[in-house]
Amino acid sequence: MDTQIRPQEKENGAGNRPGYNPAEIESKWQQVWEDNGDNHASDDDPRPKFYNLVMFPYPSGDLHIGHWYNFVGADVYGRYMRQNGYNVMQPFGFDAFGLPAENAAIKRGVQAYKWTMSNVERTWGQLKTMGGIWDLERRVVTCQPDYYKWTEWFFLKLYHAGLAYRAKAPVWWCPNDQTVLANEQVLANGTCERCGAVVIKRDLEQWFFRITKYADRLLEYKGLDWPESTKLKQINWIGRSEGARINFVAQDADGQSHTIPVFTTRPDTINGVTFFLLAPEHPLVEKLVTPEQRAEVEAYVDKARRETEIERQSTDKEKSGVFIGSYITNPVNGQPVPIWITDYVLMSYGTGAVMGVPAHDQRDFEFARKFGLPIVMVYQPDDHEVDPHSMPEALVHQGHVVNSGQFDGLPDGPETIKQFISWIEHNGWGNAEVSYRLRDWLISRQRYWGTPIPMVYCPQDGIVPVPEDQLPVLLPTDVEFKPSGESPLKDIPEFVNTTCPKCGGPARRETDTMDTFMCSSWYFLRYPNPHDEQAAFDPEKIRQWMPVDQYTGGPEHATMHLLYARFFTMALHDMGLLDFEEPFTRLVHQGMILSEGRKMSKSKGKAIAPDTLVQEHGADAVRAFLMFLGPFERGADWNANTEQLLVGTNRFLYRVWTMGLEAAEQSPNRVDTDQSTETDIRRVQHKTIKRVVSDIRNFQFNTALSGLMEMVNEMQRIGGNTAGIRTTKAWGEAVDTLLVLLSPLCPHITEELWHQLGHGGSVHAQHVPVFDPALAADEVITIVVQVNGKLRETIQIAAGTNGDEIQAVALASPKVSVQLNGAKPKKVIYVPGKLVNVVI
RNA sequence: GGGCGCGUGGCGGAACUGGCAGACGCAGGGGACUUAAAAUCCCCCGGCUUCGGUCGUGUGGGUUCGAGUCCCACCGUGCCCACCA
């Protein structure tokens, strides 16, 4: 950037006032605040608490400007709440387990722990230059044993509550990262959320958390002030569907019966079933395939296995499948229908089996057309009849029931579905059921750098949890890496070999580690007592601080962290460990800062570092600039023109500086005069209070700043036109208000000026100025005069003039008379205090 | 394919509940100060215009005295989900 303003070199303002030197005043005040303990939220503070949380970052080594954006916004809010009289706790920590450290260890031979901790310290130093009210005494680093000991403890708690289980299941596998992934970590296009590699499915024995048990409660959002869009993302992710489970029965070649349930949301179409579909991986395929069909079926299953998920899930692919040779009976009408396998039936949703109703389901329709299977109508439109042989597509959700005995004539809708379900239940063919898209949370990772799973495998006793008093299971710090698809911990005999806690015999440890989302699912419970060695958390302190009042972080965590943390909290609540069910009362997402339209990432070399900007212009300037970019929740694109905008907020700060010092020169001998301009100054002051206070409350920092800019502009205008106004008490109070309102955004410059003005204490300890509507009221108001909705005139009139008079003035105005041309207006609309619209 | 957003000057963006479109800022133009430059301060800054006006918030329609804002359709764009039975 071509820096046109170099604060360090600048001598500004008239006279011999000191120039604005952010580097000097910022480090000075940061030190003072730290020495005074201003940023530490004490547990013994009579003020009401306010827990202001940001999503803690991964310590990659450098904070980029996007992190700053997030943290500055949160800090502005925290400072503002402190000025509202709250004891604000604003902690900071690091989500320090995860792949980058492990990759660095493999690549450069450094120890993951050392590498991570040096990044933590570096990031910590960067964070301090921001001048935020981060509570340095409450730092949490998840890869330290005093933290992960309790992550292990939580695992045991969930295990003992029956919420953790081990199962063999087809799981997502990233061949690049050599580990399994949670369902949530696989992107829609079938690639790894971390590295972008195409993922595959593998059958592996893994640890799962029973998050599905909480599906319905996760849909409640009791008392939460969250963005609707985030709730919707979670609701869609959980994907609740109401329907029925219906049991079909097939016989294999040996005459043995097999009941295969299907889940359907349309049990009302049960009479339209003309075929039955199984997922290729369905275990009963093996049993039910006939000898003649075996070769073809095996070939298809094999092909489906080898396909990547991208290929398999591509929606525009033509339907494919194979008849397995046997038939299954529809319990409702006793009709046998052929069993096919197809890759559009997923083993992981519902029961892995689907009843084929081609007349009323588009996928089944396409399947039937492709393979010449019969189509039976069980609904017909009310106004005409559809011929199944010529229909171009499935008839979905319209018309009335046909071909279904006593149900014929019923309209399509939930009531009809209910009647079918009662009938099915009454006859014992099945039952009402709710199905979810949400899967249990897979937490095993075949990686080294994570929290050890505190489990032991004993040849005698099987799976045995490590007793609580033996925690933590320590992660060895010195590890050889031979990426093999299995955890590197497997190669460390001292780690693997242990004794069974039950029988004392030789046993081996679980060598997989936990998903890092496990660490972030409870970190907010640790901040209230981060150094407690006796417990994960102290119930007293939890009661004092939780739940989180304000949580600020990126929307990309909607279906991962934010869902897991809620599940965790609910589970702990049910164990009696917490007395609330939702961890985060109010949630705000900052928008993303893009770099020339792309996501900022260190690996792609597109990350913008805040450091140089801070060195050149000061933290206050960067803070103000970031918050002025646009609406906080929208974010911004960082391109060649972006940094130019810093000039604007910087100029503003210089104006504030000059105004502050100028006011300081007058401060001891301010007077009251009876100039009307004093009223003008007070009006500006109070209008600004109203605006800025509501903007900050709503995270609209850009308009808060423009409101403050307008205040300064307006004051300068009045000050330039009125001799003596700058020495009045009104002026002094307005300057004070300006500093207090600006202080959450720019904490250092305002603190310096506050002291220059001779005030005691800190600007940050001042209460938010109180808005006085009487002082903000205009004496003269502007009335817009429209003719037929078009602006023709504006009139200035004393506030309080009654409506009739205003209308009379408006009608008498020359512009209106011309339009009227002697005629009478058809109608006159008067909006009090705002406008008159004359309809001709 | 489904869900949720967004579309306003040269640029970032304002506009509360339908009521002066373009606040605030950047860039640009002009002026003051200066030996000069930077900085600072003041003025102008959507298009067209016969200077009366007139057109203008992605496009087309609608509701209304009045629409950037509400409704319908379409176009573009972003995010999330996606053969979910």
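Basis for what follows: all heavy atoms, side chains included, without hydrogens, waters or symmetry-related copies. Being a predicted model, the structure only gives us computed values, none of them experimental. In what follows, chains carry the letters A, B, and so on, assigned in the order in which the sequence lines appear, proteins first and then strands, with residues in each chain numbered from 1.
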Nucleotide pairing, RNA chain B (Watson-Crick or G-U, distances under 3.5 Å), in dot-bracket with [ ] and |: (((((((..(((......[....))).(((((.......))))).(((....)))..(((((..]....))))))))))))....
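Here A:D364 lies out of heavy-atom contact (under 4.0 Å) with every strand. Contacts of A:P631 with the nucleic acid, taken as non-hydrogen atoms under 4.0 Å apart, involve only primed sugar atoms and P, OP1 or OP2. Across all strands, A:V839 comes closer than 4.0 Å only to sugar-phosphate atoms, never to a base (heavy-atom distances). Contacts of A:L629 with the nucleic acid, taken as non-hydrogen atoms under 4.0 Å apart, involve only primed sugar atoms and P, OP1 or OP2.
Contact of the A:Y20 side chain with the A:V656 side chain is not registered, since no non-hydrogen atoms from C-beta on lie closer than 4.5 Å. Using a 4.5 Å cut-off on side-chain heavy atoms (C-beta onward), A:P261 and A:I246 make no contact. Within the 4.5 Å cutoff, side-chain heavy atoms of A:R683 are placed close to those of A:K687.
Ion pairing between A:K690 and A:D695 fails under the 4.0 Å rule for side-chain N and carboxylate O. Contact check on A:R240 versus A:D216 returns a salt bridge, with a Lys/Arg side-chain nitrogen under 4.0 Å from an Asp/Glu carboxylate oxygen.
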Considering only nitrogen or oxygen atoms on both sides, find all protein atoms under 3.5 Å from nucleotides 3-10 of chain B and state each distance.
none

Interface polar pairs with nucleotides 48-53 of chain B, N/O, under 3.5 angstrom:
none

Give each protein N/O atom lying under 3.5 Å from an N/O atom of nucleotides 17-21 of chain B, with the pair distance.
{"residue": "B:G19", "atom": "N2", "partner": "A:Q786", "partner atom": "OE1", "Å": "3.0"}
{"residue": "B:G19", "atom": "N2", "partner": "A:N837", "partner atom": "ND2", "Å": "3.4"}

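Counting all heavy atoms, side chain and backbone alike, A:G350 lies closest to A:F263 at CA-CB, 4.3 Å. Minimum interatomic distance between A:A558 and A:Q234 (heavy atoms only, all atoms of both residues): O-NE2, 2.7 Å.
If you take atom P in B:A23 and the same atom in B:A15, they sit 12 Å apart, rounded to whole Å. B:C70 and B:C6 have their P atoms separated by 9 Å, given to the nearest Å. Comparing B:A73 with B:G25, their C1' atoms are spaced 38 Å from each other, to the whole Å. Nucleotides B:C83 and B:G78 have their C1' atoms positioned 25 Å apart, rounded to a whole Å. Nucleotides B:A85 and B:C4 have their C1' atoms positioned 24 Å apart, rounded to a whole Å.
Note on ring orientation: taking the six-membered ring where Trp is involved, the planes of A:H557 and A:F517 are perpendicular (angle over 60°, cut-offs 30° and 60°).
The side-chain tip of A:R623 does not point at the ring of A:F701 from less than 6.0 angstrom away and within 45° of straight on. The cationic atom of A:R439 (NZ for Lys, CZ for Arg) does not lie both less than 6.0 Å from the six-membered ring centre of A:W237 and within 45° of the ring axis.
The stretch residues 701-711 of chain A comes close to RNA chain B through A:N702, A:T703, A:S706, A:M709, A:E710, each having a heavy atom under 4.0 Å from the strand.
Taking for each of A:D637 and A:T265 the nucleotide of RNA chain B with the nearest heavy atom, the 5'-most of the two is the partner of A:D637. In terms of position along RNA chain B, the nucleotide closest to A:R691 lies nearer the 5' end than the nucleotide closest to the other residue of the pair A:R691 and A:K827.
Applying the 90° criterion around 0 to the glycosidic angle, B:G7 comes out anti. Taking syn as a glycosidic angle within 90° of 0, B:G78 does not qualify and is anti.
Taking 3.5 Å as the limit, the base of B:C65 and the side chain of A:K826 contain no donor-acceptor pair of atoms between them.
There is a side-chain donor-acceptor pair under 3.5 Å between A:T212 and A:D440. There is a side-chain donor-acceptor pair under 3.5 Å between A:S320 and A:Y300.
For A:R437, taking side-chain heavy atoms from C-beta onward, the closest of the listed nucleotides B:C84, B:C65, B:G12 is B:C84.
A:E793 meets the salt bridge (charged side-chain N to carboxylate O under 4.0 Å, His left out) test with no other residue; sequence neighbours excluded.
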